[in-house]
Trainee: 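Before I ask anything, here is the structure I am working with.
Note that the structure is predicted; figures quoted are calculated from it, not measured.
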Amino acid sequence: MTSPTIASLRWGEMKVEGSDTLYKDCKVWPGGNRTWDWRETGTRHTPGVQPADVNEIVNKGIRTLVIGRGMDEALQVPQETLSFIRSKGIDAVVLQTEKAVQQYNKLVKEGVAVGGIFHSTC
């Protein structure tokens with residue numbers, strides 16, 4: 001099973017291949033995708049992405065997780081979250097969202113088992 005590519009990205013809007021949903025923030029993994037609803041875990045720009053935000057994705061058989069910090073990189077990624085990801089034997093790539101989407105799509109095309117979590121605004 002492969003991960004869906006990100007078909008388009010602009011401020012506040014992401015489209016995932018094979019989905020009719022327009023996402024503001026989204027999670028993607030081999031065979032799936034869904035809205036990343038920050039209210040589920042109480043996420044805010046600071047301290048940022050929590051282990052609970054990525055837990056669902058790291059349990060989907062991925063080797064790499066790409067994290068998009070937003071267009072202006074306002075979303076933080078604490079060391080605790082990176083340590084959690086790495087403790088599962090998964091590589092973490094943290095980038096500005098446009099660069100993160102490019103890297104994620106590149107890994108999908110290379111056949112890497114990759115997941116992503118992306119913030120499409122600030």
Side-chain angles (χ1 to χ4, degrees):
M1 195 170 332
T2 61
S3 299
T5 59
I6 304 299
S8 65
L9 168 67
R10 65 181 189 190
W11 184 275
E13 184 177 289
M14 299 181 75
K15 180 94 172 82
V16 176
E17 174 190 34
S19 174
D20 293 331
T21 304
L22 287 177
Y23 296 110
K24 176 182 171 222
D25 301 313
C26 72
K27 297 179 179 186
V28 288
W29 59 85
N33 60 88
R34 76 173 185 93
T35 296
W36 176 20
D37 183 349
W38 291 21
R39 293 172 294 186
E40 292 174 357
T41 58
T43 296
R44 300 281 180 262
H45 287 101
T46 302
V49 182
Q50 303 300 302
D53 292 313
V54 299
N55 189 53
E56 172 181 21
I57 306 166
V58 300
N59 290 310
K60 300 285 187 182
I62 63 169
R63 286 184 29 220
T64 302
L65 177 62
V66 180
I67 302 172
R69 293 187 50 210
M71 300 299 212
D72 298 329
E73 297 183 272
L75 180 62
Q76 302 301 303
V77 183
Q79 188 58 48
E80 172 190 5
T81 301
L82 295 174
S83 296
F84 172 75
I85 295 164
R86 292 177 182 135
S87 76
K88 304 284 188 179
I90 296 168
D91 294 326
V93 178
V94 179
L95 298 165
Q96 183 268 356
T97 296
E98 291 163 310
K99 292 176 182 167
V101 165
Q102 291 173 356
Q103 181 64 23
Y104 169 84
N105 282 343
K106 178 179 179 274
L107 292 169
V108 170
K109 286 181 174 65
E110 291 173 358
V112 175
V114 62
I117 186 165
F118 304 102
H119 177 47
S120 72
T121 58
C122 52

Trainee: Among the clusters formed by ILVMFWY side chains lying less than 4.5 Å apart, do Ile62 and Val94 turn up in the same one?
Mentor: yes

Trainee: Of all residues at least two apart in sequence or in a different chain, which pass the salt bridge (charged side-chain N to carboxylate O under 4.0 Å, His left out) check with Lys88?
Mentor: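 Applying salt bridge (charged side-chain N to carboxylate O under 4.0 Å, His left out) to Lys88 gives none.
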
Trainee: For Asp91, what residues pass the salt bridge (charged side-chain N to carboxylate O under 4.0 Å, His left out) criterion, not counting sequence neighbours?
Mentor: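 By the salt bridge (charged side-chain N to carboxylate O under 4.0 Å, His left out) rule, Asp91 matches no residue at all.
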
Trainee: Within the structure provided, determine whether Ile6 and Val16 are in side-chain contact (heavy-atom separation under 4.5 Å).
Mentor: yes

Trainee: Only pairs under 3.5 Å count here: list side-chain donor-acceptor contacts from residues 111-122, not counting sequence neighbours, and write none if there are none.
Mentor:
residue: His119; atom: ND1; partner: Asp25; partner atom: OD1; Å: 2.7
residue: His119; atom: NE2; partner: His45; partner atom: NE2; Å: 3.2
residue: His119; atom: NE2; partner: Thr121; partner atom: OG1; Å: 3.3
residue: Ser120; atom: OG; partner: Gly12; partner atom: N; Å: 3.4
residue: Ser120; atom: OG; partner: Glu13; partner atom: N; Å: 3.3
residue: Ser120; atom: OG; partner: Lys24; partner atom: O; Å: 2.3

Trainee: Report yes if the side chains of Cys26 and Asn33 come closer than 4.5 Å at any heavy-atom pair, otherwise no.
Mentor: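 A side-chain contact is absent here, since even the closest heavy-atom pair is not under 4.5 Å.
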
Trainee: Without swapping roles, check the side chain of Gln96 against the backbone of Glu98 for a donor-acceptor pair under 3.5 Å.
Mentor: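 Yes, Gln96 side chain to Glu98 backbone: donor-acceptor pair under 3.5 Å.
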
Trainee: Quick one: salt bridge (Lys or Arg N to Asp or Glu O under 4.0 Å) pairs with a partner in residues 73-84, sequence neighbours left out?
Mentor: Arg69-Glu73

Trainee: Is Val108 linked to Val66 within one hydrophobic cluster, defined over Ile, Leu, Val, Met, Phe, Trp and Tyr using a side-chain heavy-atom separation of less than 4.5 Å?
Mentor: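 Same hydrophobic cluster.
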
Trainee: Any salt bridge (Lys or Arg N to Asp or Glu O under 4.0 Å) pairs touching residues 101-122, not counting sequence neighbours?
Mentor: Lys106-Glu110

Trainee: Is Trp11 linked to Leu75 within one hydrophobic cluster, defined over Ile, Leu, Val, Met, Phe, Trp and Tyr using a side-chain heavy-atom separation of less than 4.5 Å?
Mentor: no

Trainee: Side chain of Asp72, backbone of Ala74: donor and acceptor closer than 3.5 Å?
Mentor: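 Such a contact is absent between Asp72 side chain and Ala74 backbone.
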
Trainee: Could you walk me through whether Leu9 and Met71 satisfy the side chain to side chain contact (heavy atoms under 4.5 Å, CB included) test, starting with their C-alpha distance in whole Å, then the side-chain angles of each, then the deciding distance to 0.1 Å, before giving a yes or no?
Mentor: CA-CA 10 Å; Leu9 168 67; Met71 300 299 212; 3.8 Å; yes

Trainee: Same hydrophobic cluster for Ile90 and Val49, using side-chain heavy-atom links shorter than 4.5 Å among ILVMFWY?
Mentor: yes

Trainee: Show me the side-chain donor-acceptor pairs of residues 50-57 shorter than 3.5 Å, one per line, residues at least two apart or across chains.
Mentor:
residue: Gln50; atom: NE2; partner: Gly48; partner atom: O; Å: 2.6
residue: Asp53; atom: OD1; partner: Trp36; partner atom: NE1; Å: 3.3
residue: Asp53; atom: OD1; partner: Thr41; partner atom: OG1; Å: 2.4
residue: Asp53; atom: OD1; partner: Thr43; partner atom: OG1; Å: 2.9
residue: Asp53; atom: OD2; partner: Thr43; partner atom: OG1; Å: 2.6
residue: Asp53; atom: OD2; partner: Gln50; partner atom: N; Å: 2.7
residue: Asn55; atom: OD1; partner: Asn59; partner atom: ND2; Å: 3.2
residue: Glu56; atom: OE1; partner: Lys27; partner atom: NZ; Å: 3.3
residue: Glu56; atom: OE1; partner: Arg34; partner atom: NE; Å: 2.8
residue: Glu56; atom: OE1; partner: Arg34; partner atom: NH2; Å: 2.9
residue: Glu56; atom: OE2; partner: Arg34; partner atom: NE; Å: 3.1

Trainee: Looking at every non-hydrogen atom in both residues, tell me the closest pair between Ser3 and Pro30 and how far apart they are.
Mentor: OG-N, 3.3 Å

